[in-house]
**Q** 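After the structure tokens below, expect a handful of questions from me.
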Amino acid sequence: MNLKTQKLKGMLCGAILIGVTSACGQNQQEQERRTPLDLVNFKELPDPTADTLSDWSKVENGLHASFVTIDKRFPKSIAPDFAVEKQASVTGWRGERVSAQILLWTNAEIAGAQVDVSGFRAESGSDLPSDIASTHFVRYVMTDEYAGGCGHRKPEDFASSLSPDMLDNLNSFDLEAKKVRPVWVTLRIPEDAKPGYYTAKVQVKAAEVPTQELNLSLHVIDKLLPKPSEWTYH
């Protein structure tokens with residue numbers, strides 16, 4: 001083997017090695033992009049506001065649950081002071097997605113809280129399966145006040161607070177003492193659902209505490225929401 005042949009083979013091997021290394025790096029980066037956020041290890045930041053001084057002395061022991069409006073964010077550390085609602089009703093077209101919100105709270109730590117929705121039953125005997133409903137514990141993230149609007153901002157000039165924002169996929173959640181925890185409920189109404197009124201049971205449960213049961217009603221209107229590809233705008 002002459003010197004030119006040896007150099008050519010060396011250059012060829014080097015190019016192959018660089019190509020393999022580059023491909024491996026790209027594959028690793030692509031896999032990292034596809035890897036979902038590990039919500040199990042996600043830790044919320046401490047509440048930096050005076051809400052932590054809220055008086056929880058009037059909250060009875062145990063696990064509490066109530067339907068609340070979907071149009072309001074609930075501060076994490078303020079003790080709820082409203083009438084408990086054990087029933088809620090939502091309305092939607094066939095093919096539409098509608099939502100409800102449940103607020104959980106406790107004055108002592110409770111491990112492994114779960115929220116389960118049963119199947120939906122109509123007076124006519126029609127059924128909708130339980131898997132049209134999904135529940136997600138809402139996680140709190142740090143934010144700051146809007147104040148004078150967007151633009152260059154010095155963090156020390158704007159008050160920070162926790163805001164309920166992120167929906168996780170955990171099957172159960174450890175509730176903190178003297179804190180609230182929103183739960184977002186989503187109903188995906190099947191396109192072939194029969195119009196009418198349906199009801200379902202929502203159970204909020206955890207070990208060593210009484211189960212809370214709520215009633216969720218669904219009114220399916222005799223209208224079909226077109227698929228997004230068929231939507232028009234004006």
Side-chain angles (χ1 to χ4, degrees), residues 31-47 59-70 72-80 84-90 92 96-121 127-143 162-190 193 198-218:
Q31 184 173 357
E32 289 176 354
R33 283 195 294 267
R34 293 179 180 177
T35 301
L37 176 65
D38 187 0
L39 294 174
V40 175
N41 296 323
F42 173 79
K43 294 185 181 300
E44 295 174 359
L45 294 172
D47 191 341
V59 177
E60 297 181 357
N61 294 334
L63 173 60
H64 302 271
S66 174
F67 280 112
V68 292
T69 175
I70 62 173
K72 181 179 179 180
R73 294 190 180 108
F74 291 85
K76 183 178 180 179
S77 302
I78 294 182
V84 172
E85 294 288 345
K86 294 294 186 180
Q87 299 184 18
S89 178
V90 293
E96 188 178 359
R97 182 174 60 186
V98 294
S99 301
Q101 185 173 206
I102 298 171
L103 193 68
L104 310 181
W105 67 95
T106 174
N107 59 10
E109 293 182 0
I110 295 180
Q114 296 179 302
V115 180
D116 297 323
V117 182
S118 71
F120 289 77
R121 171 63 61 92
D127 290 330
L128 295 175
S130 60
D131 62 8
I132 73 166
S134 60
T135 59
H136 300 272
F137 293 96
V138 184
R139 308 300 288 271
Y140 284 81
V141 300
M142 191 65 70
T143 185
L162 291 177
S163 178
D165 180 75
M166 184 174 66
L167 306 183
D168 69 23
N169 293 315
L170 299 177
N171 294 322
S172 63
F173 196 87
D174 295 339
L175 302 179
E176 300 174 69
K178 299 181 180 180
K179 305 293 181 185
V180 306
R181 181 60 52 181
V183 179
W184 198 260
V185 182
T186 301
L187 306 181
R188 294 172 174 81
I189 304 174
Y198 297 79
T199 57
K201 299 292 185 182
V202 181
Q203 287 193 333
V204 182
K205 55 190 178 181
E208 301 182 358
V209 295
T211 297
Q212 302 289 315
E213 189 169 87
L214 296 80
N215 298 310
L216 180 58
S217 299
L218 169 63

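Side chains are part of it too, since the values below use all heavy atoms of this structure and drop only hydrogens, waters and symmetry mates.
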**Q** Could you go through Leu214 and Val204, starting from their C-alpha distance and side-chain angles, then the distance that decides it, and tell me whether this counts as side chain to side chain contact (heavy atoms under 4.5 Å, CB included)?
**A** CA-CA 8 Å; Leu214 296 80; Val204 182; 4.0 Å; yes
**Q** Taking side chain as C-beta onward, heavy atoms only, is Tyr140 less than 4.5 Å from Asp47?
**A** no
**Q** Compare every heavy atom of Thr106 with every heavy atom of Gly62, then report the nearest pair and how far apart it is.
**A** O-OG1, 3.3 Å
**Q** Tell me, yes or no, whether the heavy-atom count around Asp127 atom CG, taken from other residues, nucleotides or ligands under 6.0 Å, exceeds 12.
**A** yes
**Q** Side-chain contact test, heavy atoms from C-beta onward, threshold under 4.5 Å: evaluate it for Phe42 versus Asp168 and give yes or no.
**A**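 They are not in contact (no side-chain heavy atoms under 4.5 Å apart), so the answer is no.
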**Q** Using a strict cut-off of less than 4.0 Å between a Lys/Arg side-chain nitrogen and an Asp/Glu carboxylate oxygen, indicate whether Lys179 and Glu44 qualify as a salt bridge.
**A**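 No, this pair does not count.
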**Q** Would Leu162 and Met142 count as a side chain to side chain contact (heavy atoms under 4.5 Å, CB included) here? Give the steps.
**A** CA-CA 5 Å; Leu162 291 177; Met142 191 65 70; 3.7 Å; yes
**Q** Which is it for Thr199 and Ser217 under the side chain to side chain contact (heavy atoms under 4.5 Å, CB included) test, yes or no, and what are the steps along the way?
**A** CA-CA 4 Å; Thr199 57; Ser217 299; 3.8 Å; yes
**Q** Please check if the distance between the ring centroids of Phe173 and Phe137 is under 6.0 Å.
**A** yes
**Q** Closest approach of Ile132 and Leu218, non-hydrogen atoms and distance?
**A**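 Smallest heavy-atom distance, with atoms named: CD1-CD2, 4.4 Å.
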**Q** Rounded at 0.5 Å granularity, tell me how far OG in Ser118 sits from CG in Asn215.
**A** 9.0 Å
**Q** Nearest 0.5 angstrom please: Asp131 CG to Arg188 CZ, how far?
**A**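 Asp131 atom CG to Arg188 atom CZ measures 10.5 Å (nearest 0.5 Å).
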**Q** Any heavy-atom pair between the side chains of Val180 and Leu104 that's under 4.5 Å?
**A**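 Side chain of Leu104 against side chain of Val180, heavy atoms only: no contact under 4.5 Å found.
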**Q** If I take atom CG from residue Leu167 and atom CH2 from residue Trp184, how far apart are they, to the nearest 0.5 angstrom?
**A**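 Result: 8.0 Å between the selected atoms.
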**Q** Could you pull out the closest heavy-atom pair between Gly112 and Asp174, with the gap in Å?
**A**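 Heavy atoms of Gly112 and Asp174 come nearest at N-OD1, 2.8 Å.
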**Q** Between Glu96 and Gly92, which heavy-atom pair has the shortest distance, and what is it?
**A** OE1-CA, 3.3 Å
**Q** Just wondering, do Thr186 and Ser99 contact through their side chains at under 4.5 Å, heavy atoms?
**A**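 They are in side-chain contact.
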**Q** Mind checking the CD-CD spacing from Glu176 to Glu109? Nearest 0.5 Å is all I need.
**A**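 Interatomic distance, Glu176 CD to Glu109 CD, rounded to 0.5 Å: 8.0 Å.
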**Q** Could you grab the distance from atom OG1 of Thr143 to atom CG of Asp165, nearest 0.5 Å is fine?
**A**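 Reported to 0.5 Å precision, the distance equals 8.5 Å.
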**Q** Distance only, no hydrogens: is a donor on one side chain within 3.5 Å (strictly under) of an acceptor on the other, for Lys86 and Ser66?
**A** no
**Q** How close do Gln212 and Leu63 get, counting heavy atoms only, and between which atoms?
**A** NE2-O, 3.3 Å
**Q** Less than 6.0 Å separating the ring centroids of His64 and Trp105?
**A**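 Between Trp105 and His64, which both carry aromatic rings, the centre distance is below 6.0 Å.
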**Q** Can you give me the closest heavy-atom contact between Leu187 and Phe120, atom names plus distance?
**A**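 Closest pair (atom of Leu187, atom of Phe120, distance): CD2-CZ, 3.7 Å.
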**Q** Stepwise, does the side chain to side chain contact (heavy atoms under 4.5 Å, CB included) test hold for Leu170 with Arg139?
**A** CA-CA 11 Å; Leu170 299 177; Arg139 308 300 288 271; 3.8 Å; yes
**Q** Supply the atom-to-atom distance Asn61 CG to Ile110 CD1, rounded to the nearest 0.5 angstrom.
**A** 9.5 Å
